[in-house]
Asker: 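Next up is a structure, given as structure tokens.
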Amino acid sequence: MKKLPLIVICGPTASGKTALAIEAAKRYGGEIVNADSMQIYKYMNIGTAKPSDAELAAAVHHLVGFIDPREQFSVADYVPAAHEVISEIVSRGHIPIVAGGTGLYITSLVNDVEFGDDGSDPEIRAELNRLAEEKGAEELLKMLAEFDPVSAERLHPNNLRRIVRAIEFYKTTGRTISEHQEETKRKESRYEPQMFMVDYERSVLYDRINRRVDIMLEQGLVGEVESLLDMGCTAEMQSMQGIGYKETIEYIKGSITLDECAELIKQNSRRYAKRQLTWFRRDGRIKTLAPGEYIQI
RNA sequence: GCCUUUGUAGCUCAGUCGGUAGAGCAAGGGACUGAAAAUCCCUGUGUCGGCGGUUCGAUUCCACCCGAAGGCA
């Protein structure tokens, strides 16, 4: 079976993915598929550095701003949605260009990781979290070890979130998450990706990040967050965990000054960029581009 | 000009009764399969201001020089 070609533009925040994607779309007759876990939300424009109206008009974009920020969303929602959009793009005779910085979304899509309809249950998850608070994460790890020793061995006792997830997976599917992971690794992907990332010198990237945060504040990030709070968003919501949002909420609540808020956003963005680099660096398929270099296919 | 205090990691500072030094923050590295802008793990990076003296050995003691802060004139 012929694999579907896919252009992927990934990399850390503030590395110019949007502009590169638009350029590639124009040049090769492509349509852009967002792979950013925060730009999927509506009303969150400034803080997520969503493409501007002009940029959105310059090329066809998909999966941008289509989820209400009060709602949950996950890779398991993203991947099937992206598959569908991509197959439509291909059927139009266009080239799909996946662009974004969320490593998990990109890898799961490109490697064609399967997410079934079951496999998640918010109630079980909440119950496990409650149990962890009572008895501690180590107790849960022991529990996990009884039916999935492979995962239990791999997970650090402090990583409660993953421990909970592994137990939740077993309880909802009757299979262990480690088995599931092995299976999906063996599976052939339907895609043949060409992956690119702009490789900035670290200090240059950090300058870009710092500058961009200043611009976000000038553009009215505080106002954007205020109106999100007005529409009922709360700090606990997934969308409000986004960098730029959680810190601005602290400022609006009065627990930090605007300067502290700006510094915190910058620092968290830099740390995020570092984590993104760690993720993408280990994917040997990614070709690095010099700053200013266009992608070549 | 004189007196006092001070100079140790990127920052704030500990410390060594003389045996080349350690915390917090910052930073760096890594993991990652349904919260992923999330979550978690690992790591001390240093002509101890400079130049001499004493000493087997000086970041530590002494002299001088340079910088910083305060005080007196």
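Throughout, a chain's letter reflects where its sequence line sits, starting with A, and its residues are numbered from 1. Only a predicted model underlies this, so the values are computations on that prediction, with no experimental measurement involved.
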Asker: Could you tell me whether A/Q238 contacts a base, only the sugar-phosphate backbone, or nothing, with contacts defined as non-hydrogen atoms closer than 4.0 Å?
Answerer: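 Contact class for A/Q238: sugar-phosphate only.
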Asker: Is any side-chain N or O of A/T184 under 3.5 Å from a base N or O of B/rU33, one able to act as donor and the other as acceptor?
Answerer: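 Counting by modelled atom types and ignoring angles, a donor-acceptor contact under 3.5 Å is found here.
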Asker: For nucleotides B/rG71 and B/rG18, find the distance between their C1' atoms and express it as a whole number of Å.
Answerer: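 The same atom, C1', in both gives a distance of 33 Å.
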Asker: Can you tell me how the ring of A/Y170 sits relative to the ring of A/F147, calling it parallel under 30°, perpendicular over 60° and tilted otherwise?
Answerer: parallel
Asker: With no hydrogens and no angle check, is any side-chain donor or acceptor of A/E168 less than 3.5 Å from a backbone partner on A/D121?
Answerer: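 Checking the backbone N and O of A/D121 against the side chain of A/E168, a donor-acceptor pair under 3.5 Å is found.
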Asker: Can you check whether A/R271 has a side-chain N or O nearer than 4.0 Å to OP1 or OP2 of B/rA26?
Answerer: yes
Asker: Using only side-chain N and O atoms of A/R162, determine if any of them is under 4.0 Å from OP1 or OP2 of B/rC40.
Answerer: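 No, A/R162 has no side-chain N/O under 4.0 Å of OP1/OP2 on B/rC40.
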Asker: More than 12 non-hydrogen atoms from neighbouring residues, nucleotides or ligands closer than 6.0 Å to CD on A/E88, yes or no?
Answerer: yes
Asker: For a quick check of understanding: with a heavy-atom distance under 4.0 Å over all strands, which category does A/T48 fall into, base, sugar-phosphate or nothing?
Answerer: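 Counting heavy atoms under 4.0 Å across all strands, the contact made by A/T48 includes a base.
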Asker: Determine the contact category for A/T102: base if any of its heavy atoms lies under 4.0 Å from a base atom, sugar-phosphate if only primed atoms, P, OP1 or OP2 are that close, otherwise nothing.
Answerer: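 Since only primed, P, OP1 and OP2 atoms lie under 4.0 Å of A/T102, the category is sugar-phosphate.
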Asker: Need one value for A/Y245: base, sugar-phosphate or nothing, where a base atom within 4.0 Å counts as base even if backbone is also close, heavy atoms only.
Answerer: nothing
Asker: Checking all strands, does A/K246 fall into the base, sugar-phosphate, or nothing category for heavy-atom contacts under 4.0 angstrom?
Answerer: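 Sugar-phosphate only.
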Asker: Which residue lies toward the 5' end of RNA chain B, A/T13 or A/A76, if each is placed at its nearest nucleotide?
Answerer: A/A76
Asker: Under 4.0 angstrom, heavy atoms only, what part of the nucleic acid is A/Y78 near: base, sugar-phosphate, or nothing?
Answerer: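 Here A/Y78 touches no strand at all.
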Asker: Can you tell me if A/N158 touches the phosphate of B/rC41, counting only side-chain N or O atoms and a distance under 4.0 Å to OP1 or OP2?
Answerer: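 So the side-chain polar atoms of A/N158 do come within 4.0 Å of the phosphate oxygens OP1 or OP2 of B/rC41, strictly under.
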Asker: Of A/R275 and A/Q181, whose nearest nucleotide on RNA chain B comes first from the 5' end?
Answerer: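 Here A/Q181 is the residue nearer the 5' end.
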Asker: Which whole number of Å gives the distance between the P atom of B/rG7 and that of B/rU16?
Answerer: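 Rounded to whole Å, the distance is 13 Å.
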Asker: Roughly how far apart, to the nearest Å, are B/rU45 and B/rA21 at atom C1'?
Answerer: 13 Å
Asker: Answer yes or no: is there a side-chain heavy-atom contact under 4.5 Å between A/H62 and A/I89?
Answerer: yes
Asker: Given the rule that a pair is Watson-Crick or G-U wobble with both distances under 3.5 Å, how would you write RNA chain B in dot-bracket, using | for pairs to a different strand?
Answerer: (((((((..((((.....[..)))).(((((.......))))).....((.((..]....)).))))))))).
Asker: Quick one: is A/R270 getting a side-chain N or O under 4.0 Å of the B/rA27 phosphate, OP1 or OP2?
Answerer: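 Looking at the OP1 and OP2 atoms of B/rA27, one of them is under 4.0 Å from a side-chain N or O of A/R270.
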Asker: Hey, does A/E247 have a side-chain heavy atom less than 4.5 Å from the side chain of A/E250?
Answerer: no
Asker: At under 4.0 Å between heavy atoms, what does A/V75 touch on the DNA or RNA strands: base, sugar-phosphate, or nothing?
Answerer: sugar-phosphate
Asker: Mind checking A/Y41 for me? I need base, sugar-phosphate or nothing, with any heavy atom below 4.0 Å counting as a touch.
Answerer: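 No contact.
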Asker: Does a side chain donor of either A/E224 or A/Y245 reach within less than 3.5 Å of an acceptor in the other side chain?
Answerer: yes
Asker: Any idea how A/Y191 and A/H83 line up, ring-wise: parallel (<30°), tilted (30 to 60°), or perpendicular (>60°)?
Answerer: parallel
Asker: Determine, step by step, whether A/K287 and A/E293 satisfy the salt bridge (Lys or Arg N to Asp or Glu O under 4.0 Å) criterion, reporting the C-alpha distance in whole Å, the side-chain angles of both residues, the deciding distance to 0.1 Å, and the verdict.
Answerer: CA-CA 12 Å; A/K287 296 190 187 91; A/E293 188 183 348; over 6 Å; no
Asker: Under 4.0 Å: is that the gap between some side-chain N or O of A/Q241 and OP1 or OP2 of B/rU39?
Answerer: no
Asker: Which atom pair, heavy atoms only, marks the closest approach of A/M240 to A/C233?
Answerer: CG-CB, 4.0 Å
Asker: Please classify the nucleic acid contact of A/D36 as base, sugar-phosphate, or nothing, using heavy-atom distances under 4.0 Å.
Answerer: base
Asker: With P as the reference atom in both, quote the distance from B/rC51 to B/rC66 in angstrom, rounded to an integer.
Answerer: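 To the nearest whole Å, 15 Å.
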Asker: Heavy atoms within less than 4.0 Å of RNA chain B: which residues of residues 126-143 of chain A have one? Give them sorted by number.
Answerer: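 Only A/N129 qualify.
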Asker: Are OP1 or OP2 of B/rA35 and a side-chain N or O of A/R125 less than 4.0 angstrom apart?
Answerer: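 It does, given that an N or O in the side chain of A/R125 lies less than 4.0 Å from OP1 or OP2 of B/rA35.
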Asker: Taking A/E263 first and then A/K266, would you say they form a salt bridge - that is, a charged N and a carboxylate O separated by under 4.0 Å?
Answerer: yes
Asker: Among all residues two or more places apart in sequence or in another chain, which pass the salt bridge (Lys or Arg N to Asp or Glu O under 4.0 Å) test with A/E114?
Answerer: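 A/E114: salt bridge (Lys or Arg N to Asp or Glu O under 4.0 Å) contacts with A/K187.
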Asker: If we count only N and O atoms by modelled type, under 3.5 Å, do the side chains of A/T172 and A/D118 hold a donor and an acceptor together?
Answerer: no
Asker: At under 4.0 Å, does any side-chain N or O of A/Y206 touch on OP1 or OP2 of B/rG10?
Answerer: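 No, outside the criterion.
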Asker: Just checking A/Q267: base, sugar-phosphate only, or nothing, at a heavy-atom cut-off of under 4.0 Å?
Answerer: sugar-phosphate
Asker: If the P atom of B/rA73 is compared with that of B/rA58, how far apart are they to the nearest Å?
Answerer: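 Going atom to atom, P in each nucleotide, I get 43 Å.
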Asker: Would you mind classifying the nucleic acid contact of A/I177 as base, sugar-phosphate or nothing, using non-hydrogen atoms under 4.0 angstrom?
Answerer: sugar-phosphate
Asker: If we take the C1' atom in both B/rA68 and B/rG52, what is their distance in whole Å?
Answerer: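 The same atom, C1', in both gives a distance of 23 Å.
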Asker: Once you apply a heavy-atom cut-off of 4.0 Å, does A/G47 come out as touching a base, just sugar-phosphate, or nothing?
Answerer: base
Asker: Students often get this wrong, so: under 4.0 angstrom with heavy atoms, is A/R154 touching a base, only sugar-phosphate, or nothing?
Answerer: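 No contact.
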Asker: Quick one: is B/rG30 close enough that its OP1 or OP2 comes under 4.0 Å of any side-chain N or O from A/R281?
Answerer: yes
Asker: Suppose you measure atom P in B/rC17 against the same atom in B/rC2; what distance do you get, rounded to whole Å?
Answerer: 34 Å
Asker: Taking atom P in both B/rC62 and B/rG46, what distance in whole Å separates the two?
Answerer: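 It comes out at 29 Å once rounded to the nearest Å.
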